[in-house]
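Right, one structure below, let's go through it.
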Amino acid sequence: MRIDIITVLPELLVSPFEHSILKRAREKGLLEVNVVNLRDYSTFNHKQVDDYQFGGGAGMVMMVEPIFNCIQALKKDRTVDEVIYLTPDGERFNQKTANQLSLKNDLILLCGHYKGVDERVRQHLITREISIGDYVLSGGELAAAVLVDALGRLLPGVLNDETSALFDSFQDDLLAPPVYTRPASFNGWEVPDVLLSGHAAKIEDWRHEQALSKTLERRPDLLHEN
Ligand code: 6GU
């Protein structure tokens, strides 16, 4: 999978993909992340990419022309599946969307800034708009990093059996059950007996039961979805 991220703050997106699972995904050639500086596509003085809004009002708006030029350049010689605008008023991101998008080969992510982008970008250049939650970030970059992380770990070959995404919270609309490691007793705090029993079926049942009760307590909305 190839993901291009269009941003006015490329520095913000250097480190998130250089560690752990995403680093390995890139090294294995399963994921290519390409951070693109929008200013490189500005034809204005001082590489300007934003301007005052028509009709007045506080806050700058990202101009259509540099974004158009940038997306055109990225689309040259390849087929882009989705051009995604990261914005607090987009559809809310969840595991189902992550699963869907992880099946695509080629994505462009556009990070919003200031008051947002000229509406004509959204009308003519964007195919999908995504928000990562009901709060406002100062820009789309951290949201883009969240998307890349959530998609990258789902790509076949990125996780091994032990870390398989099949057992993640949300994959089956259940939160993940509690986990423990050595020692079995610490400070008088004990690991549940069943996990030490070696009885695979009982352990499986216990985990499912724990996942259910945790979901019921914390996120009953997940059990009533679909
Ligand atoms: Cl995608 N962008 C911004 N600026 N704020 C957000 C967001 C995105 N998702 C939640 N809040």
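Below, each value reflects all heavy atoms present in this structure, side chains not excepted, and no hydrogens, waters or symmetry copies. When a ligand or atom number is given, it counts from 1 through the structure's own listing order.
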Checklist entry - Of all the atoms in ligand 1, which lie at a distance below 4.0 Å from a heavy atom belonging to Ile130? => result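 Heavy-atom distances to Ile130 below 4.0 Å select 1 (Cl).
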
Item to check | Proximal atoms of ligand 1 relative to Ile132 (non-hydrogen, under 4.0 Å) | outcome: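 Every atom of ligand 1 under 4.0 Å from some heavy atom of Ile132: 9 (N), 10 (C).
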
For [atom], grab the closest protein heavy atom and report residue, atom and distance to one decimal in Å.
| atom | answer |
| --- | --- |
| atom 2 (N) of ligand 1 | Pro88 CD, 3.6 Å |
| atom 10 (C) of ligand 1 | Gly133 O, 3.1 Å |
| atom 4 (N) of ligand 1 | Leu137 O, 3.0 Å |
| atom 11 (N) of ligand 1 | Tyr135 O, 2.5 Å |
| atom 1 (Cl) of ligand 1 | Thr87 N, 3.1 Å |

Taking atom types as modelled, find out whether [X] and [Y] have a side-chain donor-acceptor pair closer than 3.5 angstrom.
| X | Y | value |
| --- | --- | --- |
| Asn94 | Thr97 | yes |
| Ser42 | Gln48 | no |
| Ser131 | Glu91 | no |

Between [X] and [Y], does any side-chain N to carboxylate O distance fall below 4.0 Å?
| X | Y | answer |
| --- | --- | --- |
| Asp173 | Arg219 | no |
| Arg78 | Asp4 | yes |
| Glu129 | Arg122 | yes |

Next on the checklist: For ligand 1, which is the ligand I care about here, please tell me if Ser138 has any N or O atom under 3.5 Å from one of the ligand's N or O atoms.
Outcome noted: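 Between Ser138 and ligand 1 (N or O atoms, distance only) the closest approach is not under 3.5 Å.
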
Next on the checklist: Around atom CZ of Arg39, are there more than 12 heavy atoms from other residues, nucleotides or ligands closer than 6.0 Å?
Outcome noted: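 Above 12, so yes.
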
Checklist entry - Should Gly112 be listed as contacting ligand 1, given a heavy-atom distance under 4.0 Å as the test? => result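 It does not; every heavy atom stays at 4.0 Å or beyond.
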
Checklist entry - At under 4.0 Å between heavy atoms, which part of Ala143 makes contact with ligand 1: side chain, backbone, both or neither? => result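 The answer is the side chain of Ala143.
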
